[in-house]
Amino acid sequence: MAELVGGALLSAFLQVLFDRMASREFIDFLRGRKPSEELLYKLKNVLLSVGAVLEDAEDKQVTNSSVKMWHNDLKDAVYDAEDVLDKIATKALQSKLDAEFGTTPSKVRNYIQTSRFFKKIEERIKVVLGRLENLASQQNVMGLVQASTVGRKASERLPTTSLVDDSEICGRNDDKDEIINKLLPDNASDNKIGVIAIVGMGGLGKTTLAQLVYNDNRVQEHFDLVAWVCVSEEFDMFNVMKTILEAITSSTSDIKDLNRLQLQVKERLNGKKFLLILDDVWNRNYSDWEILSNPLKSGAKGSRIIVTTRDIDVASTMRAFATHHLRKLQEDDCWSLFARHAFHDANSYTNSDFEELGRQIVEKCKGLPLAIKVIGALLRSKDDVSEWDKVLNSEIWSLSNEILPALRLSYKHLPSYIKRSFAYCSIFPKDHPFKKDELVLLWMAEGFLHETEKRTMEAVGNYYFETLVSRSLFQKSNEDELCFVMHDLINDLAKFVSGEFTFRLEVDSRSHRNVNKTRHVSYARDTYENFNKFEALQESTQLRTFLALQSYKICFSITKKLLHDLLPMLSCLRVLTLSKYWNMRVLPESIGKITQLRYLDISCMRLKRLPDSLCKLYNLQTLKLSHCPDLETLPRDMQKLVNLRHLDLTETPCIMEMPMHTGKLKCLQTLTKFVVSKRTGCSIRELGKLANLRGALSILGLENVESFTDAQGACLRNKMDLKELALNWKECSNTENSESQRDVLNGLQPHRNLKSLTINYYMGESFPNWAGDHSFPYITSIHLRNCKYCCSLPALGQLPSLQNLSIVGFDGIVAVGEEFYGSTGSSSIKPFGALKVLRFLQMLNWEKWISCAENEGGVFHRLEELYIVECSKLTGDLPIHLPSLGILEIIDCPKMLASLPRAPAICQLKLANCREDILRELPIHVMKELRIGEFDAVDMGDFFLHMSLPVGGLPSTLKTVEINNCKKLGLPINLDYSCLEVLKLFSCDSLRSIPMDLFLNVKHMIIRSCRDLESLTVAEQHQHDLVALSSLTIDSCPNFVSFPRGGLHATNLGFLEINSCESLRLLPEKMQMLLPSLTRFHIQRCTNIETLPEEGLPSSLNELYIKYCEKLVESRMGWSLQNLASLADLQIIGGSKLDVVSFPEKGLLPTNLIILRISGFPNLMMLDKNGFENLTSLKYLYIYNCPKLECMPEEGLQHLTSLVYLSISNCPKLECISKEGLQHLTSLEYLSITDCPKLEYCKLEEWLQHLTSLSVLKISNCLSLTKRRKGIKEWRRKLAHIPNKIVDGELIE
């Protein structure tokens, strides 16, 4: 679409309408229907009339509210016109498909239906036409003129100069030095001028940085001549060249001829080393740059140009040898800059209310210097804190007439067709990450992208996206490298442009009544989704986008009204996402009535089937069905979805058959899964008809392909855009025709552009020649799994780009030899020259790995990770020299005789269940992490001594040691273990005592399942030296009886866990004094511990879990928890032998508790009201697994005024929850009652009516309650104040 840069956004809307009306299908469908043709002719004319003044209207609407209102009304009418035309086009497509599939109704019925359709459409056209004609008649009153008569408006911004007060600049010194370091060296390889580009979004400080560089003494002294030129938006070659001449001569010029100007510039610069700053460049025309740069080439070697721009493509056009992407200011620099502009005295604000508000305001500016300076200056004259508070709660861009215009320039210079795509991004809340591919599909569904002869819609969308990135409107997310975000102020700009046509639920403030113009809605899912959230949309029947934003949150209950009442009203929807509504099991048939739908995301749901009406969505382009574990079948008539381009079935495992004639979906580009069957219309030949497939494809059921010819019918060799391919046979499929299986695999040869190949359960005895052929230059990843009958591996060594290789479950492999490396005699390719990760797993009969004859010549020279696991017969040989190897794991290879590779870069080594001889080959001197397991016969003491030679200690680089199931482990006391930071000892039964003073630098220690361990000890002289230890776990050590005498003196220990140490009777002494940093203490299944230390636990304790320690719980009144001022989280699980009838006693619990969990009290009959009376800070209360608990207390719980979450579960005798006891829980927001079958509704109902803050009521498996729920109207009426009522998984409204 040819379009001037800077055209009006609505121009793109109109072009879409004109293209639609001009399409052949549209014209053919209307042929002979004179009233409709005439109305559409009038519609086109009035659209042309208003279209002529759109550019002028878009400029004036910024400052003229009447024009803005007119512009919005016009945009609304154009939306309606587009909907009408879309209805016509959809009807035309339906008629065409009915004829093609033989589903056309009888002539009489068809005539009646078509006549009714056109009668309705003509009425709608008349309404829209009337609105447009009325708007067109107002053009002159508004003072709007055609684009051709609008004079070029001079830039409203003052030109920049080179002057700067560097004392006012914060946080740019590193940027300045980085650019100067690139600027000063005269190391260009030719005489071309070196260009450095400073790129960033508007307001980021590009000009300021250029000024700092320009005025630096080093720069001024280095160059013979320096000049500053402000280019700005309107690029005029003559004016720019004249400005350059005047800058380098420091005098005005009256030359009026471009040629003479260039000659003068060339003469003045001849032989001089110059620096030219071209500030604020927008022009991306390469020819203009060539003309501009020609006279500059006369300068001396080392001459430089610095260009500042918002557009990375400008840097490319000017052939910049260095591009500096300017980032936002750091937090401290932001505050310094703000303080300089907001406060008269830099010290006057310290620790004041102004500072607190100021820091929050600065945070809203998100590192943008322009916004910080402007807002700081605005606040400088405001001495009232309330004024600062108003600023904090206002939109930053609305506070000044400087910020928005500066940012709006970036938008103004976009082509009109990209403006529409940018404005659509206002649907994302601030800081919301988005992915390119996802956004492009949304743009496509909204009709923003138009296919050309050379580019698909997706390719056009990618170009739009890259344009917005290059112009600094999108930027890479710091949180996820695959995602992008918009700066908050760019997001504000998009929202300003889109206006009232985009609405973000629960983000944007808007009256529920004012939604008649809204076309695009987004919202964040809640765990429980009720209809109140969506009530505002019941009048938005013209909605086009209903977007549940991508997030990790899953919704477990969704309102039925959304599906059955609201969605059927939204007949104009083009985008609908309902993903992650996990408990949604049925999609209503009414989905088929939303015929304009282009994008449907119903992934991550428990759907079992899809309604047949889905196949009436003839416009559907994208259907996402990933991660639907219960979905078994696809609708049979999916072949009718002729516009479908993307079908995502990733991780949807139960689909075992494809709909018939999938090959008719000619537009299909994404098909992540195809299941082959022998049924007619479902063979592998259907894939051959899908010429446009790209991305990833997994083919299942290949045991149903019988011959080379059938396999070749998939035409995989022709699918040049297919990047990932998985070929899957069924496990235990027929192995009688091994040769035919090889023929099938041979026929499935993919295109040479493939990057990843996976083959599962292939039952042939050998691979065809193409598997491993060097003619696949781009393949980086190969995974061959469970090919149990293959006797040899393919020649993978000659693949030049292969980086990741997994070979798993090849039972037929006895030796890996030269065939694996491929031909090396005449080939210049070193085998596996790019390989980084190699895995051999579950190779049950593999005995020999025969090294390549050229092993010393570079084979595996880039290998970083090698895993050999469950190769029980492997004896050797391993590659000898692996210079890049960093991770080596050899597990369950008990016959391994080979020496370990020479690997100077190794940092992680794991050896388990191997021959003991292998331990003597360790390349210990460079390791960081060592994991050893199942060496029963080895004296580990001797091994440690071997490791330490010749330095008398473990290697200094070794930080982590894990030893598992080594029965003869000994810890030599004469070794230096000071390098270790992490020590894990699992199932080392020979250990009786662990001298802690051997490991003075260990930070994390885990001791688990050491059955004979009795004690931890510390030598007297080292009692105060355990300062490094921060976490200690002792788990499943049944004979452990003691900690170091005198206590465990670990001043920085933050986490202590003691679990299943049945012989332990006493906790460490003096915990309160010796463990001053302990914040988390877990003790579990230590059945002989009777008391906590007499002096109590450390006051620093924040989290205390006591589980299944019956004797300890019996002494609970001596715990002195009241002294633990920091304790916020307490969990007590009593145990089966505990005989406690009432709990918790008065004075037991500390008043500062926030979380309390009470569970596993088998004889508990009542909760002691006195135990809760001082818990005014408690927010979360859990009561679980108390089988004899009968009633919640009538008093006591009313003191829990801060309680927000109450969960009661598995209390089968609980009959009542007292109104008096719980009606005062005015802060309660969430109540869950599960597995309490005797709890009576009437008693619960009284209490619930008083809980005005309750937002979630969840009841499961409570028979007495759910019986009463049959009176559903009464339930709704009496509990109407609770938004989310979930009963047995069903949301009640």
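All values derive from a computational prediction rather than experimental measurement. Counting from 1, the numbers follow the sequence of the chain as shown.
Side-chain atoms of S1036 and F986, non-hydrogen and from C-beta on, never get closer than 4.5 Å to each other. Taking 4.5 Å as the limit, some side-chain heavy atom of D175 sits within range of a side-chain heavy atom of H324. Between V1041 and R1065 there is no side-chain heavy-atom pair separated by less than 4.5 Å. For the pair R1008 and T1033, the minimum side-chain heavy-atom distance is below 4.5 Å. Inter-residue side-chain proximity for L985 and I994 is flagged as met; some heavy-atom pair is nearer than 4.5 Å. You'll find the side chain of P1044 reaches within 4.5 Å of the side chain of L1016, heavy atoms only. Within the 4.5 Å cutoff, the side chain of I1106 has heavy atoms near those of the W1119 side chain. Between P433 and D480 there is no side-chain heavy-atom pair separated by less than 4.5 Å.
D1129 and R1157 are joined by a salt bridge, as a carboxylate oxygen and a charged side-chain nitrogen come within less than 4.0 angstrom of each other. E1014 and R992 are joined by a salt bridge, as a carboxylate oxygen and a charged side-chain nitrogen come within less than 4.0 angstrom of each other. One finds a salt bridge joining R1080 and E1103 here, because a Lys/Arg side-chain nitrogen approaches an Asp/Glu carboxylate oxygen to under 4.0 Å.
Within a 6.0 Å radius of CD in E481, no more than 12 heavy atoms belonging to other residues, nucleotides or ligands are found. Within a 6.0 Å sphere centred on NZ of K895, other residues, nucleotides and ligands contribute 12 heavy atoms or fewer. Within a 6.0 Å radius of OH in Y778, other residues, nucleotides and ligands contribute 12 heavy atoms or fewer. Within 6.0 Å of atom CZ in R931, more than 12 heavy atoms from other residues, nucleotides or ligands are found, so the atom counts as buried in its surroundings. No more than 12 heavy atoms of other residues, nucleotides or ligands sit less than 6.0 Å from atom CD1 of I973. Counting heavy-atom neighbours within 6.0 Å of H774 NE2, excluding the residue itself, gives a total of 12 or less. Residue K435 qualifies as open at atom NZ: its count of foreign heavy atoms under 6.0 Å is 12 or below. Atom CD of Q330 has 12 or fewer heavy atoms from other residues, nucleotides or ligands within 6.0 Å.
Counting only distance, with no hydrogens or angles, the side chain of S1063 and the backbone of P1038 share a donor-acceptor pair below 3.5 Å. S801 places a side-chain N or O within 3.5 Å of a backbone atom of P777 that can act as its donor or acceptor partner. Remark: the backbone N or O of C979 is not paired with any side-chain donor or acceptor of N1001 at under 3.5 angstrom. The main-chain N or O of V869 is never found under 3.5 Å from a side-chain atom of Q842 such that the two would form a donor-acceptor pair. Remark: the backbone N or O of H1022 is not paired with any side-chain donor or acceptor of D997 at under 3.5 angstrom. The closest donor-acceptor contact from the side chain of S477 to the backbone of E479 lies under 3.5 Å. In terms of modelled atom types and a separation under 3.5 Å, the side chain of S990 and the main chain of L969 share a donor-acceptor contact. Under the 3.5 Å distance criterion, the side-chain polar atoms of E1095 are matched with a main-chain donor or acceptor of K1070. In this structure, the side chain of T1079 engages the main chain of G1054 through a donor-acceptor pair within 3.5 Å. Looking only at distances, a side-chain donor or acceptor of N845 sits under 3.5 Å from a matching main-chain atom of D811.
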*Step by step, would you call L980 with T960 a side chain to side chain contact (heavy atoms under 4.5 Å, CB included)?*
CA-CA 6 Å; L980 291 185; T960 298; over 6 Å; no
*Test side chain to side chain contact (heavy atoms under 4.5 Å, CB included) on L1048 and L1074 and set out the steps.*
CA-CA 7 Å; L1048 184 64; L1074 300 183; 6.0 Å; no
*Run the numbers on N965 and K967 for side-chain hydrogen bond (donor to acceptor under 3.5 Å, both in side chains), then give the verdict.*
CA-CA 6 Å; N965 201 18; K967 305 300 182 184; 2.9 Å; yes
*Do F1055 and H1004 pass the ring pair (Phe, Tyr, Trp, His ring centres under 6.0 Å) test, and can you show the C-alpha distance, the side-chain angles, and the key distance before you say yes or no?*
CA-CA 9 Å; F1055 175 70; H1004 308 285; 9.8 Å; no
_With side chain to side chain contact (heavy atoms under 4.5 Å, CB included) as the criterion, how do L757 and F776 come out once you've worked through the C-alpha distance, each side chain's angles and the decisive distance to 0.1 Å?_
CA-CA 11 Å; L757 174 66; F776 287 87; over 6 Å; no
*Could you please spell out the steps behind the side chain to side chain contact (heavy atoms under 4.5 Å, CB included) verdict for M896 and L878?*
CA-CA 10 Å; M896 176 79 74; L878 302 186; 4.1 Å; yes
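Nearest approach of R1085 to N1059, heavy atoms of both residues: CB-OD1, 4.2 Å. Minimum interatomic distance between L1067 and I1058 (heavy atoms only, all atoms of both residues): CD2-CD1, 3.7 Å. When all heavy atoms of R785 and N760 are compared, the closest pair comes out as CB-OD1, 3.1 Å. For E870 against L844, the heavy-atom pair with the smallest separation is O-CD2, 4.1 Å. When all heavy atoms of L796 and G772 are compared, the closest pair comes out as CD2-CA, 3.8 Å. F935 and R915 get closest at one heavy-atom pair: CE2-O, 3.6 Å.
By the 30° and 60° cut-offs, the orientation of the rings of F832 relative to F860 is parallel. In this structure, H1082 and Y1105 have parallel ring planes: the angle between them is below the 30° cut-off, well short of the 60° mark. Relative ring orientation between F1043 and F1040 is described as perpendicular, the plane-to-plane angle rising above 60° on a 0-90° scale split at 30° and 60°.
Note: R839 CZ to L866 CG = 10.0 Å, rounded to the nearest 0.5 Å.
The residue from V814, I807, I813, T875 that alone fulfils the side-chain contact (heavy atoms from CB on, under 4.5 Å) condition with W846 is I813.
In the model, H783 has a side-chain atom that pairs as donor or acceptor with a side-chain atom of S806 under 3.5 Å.
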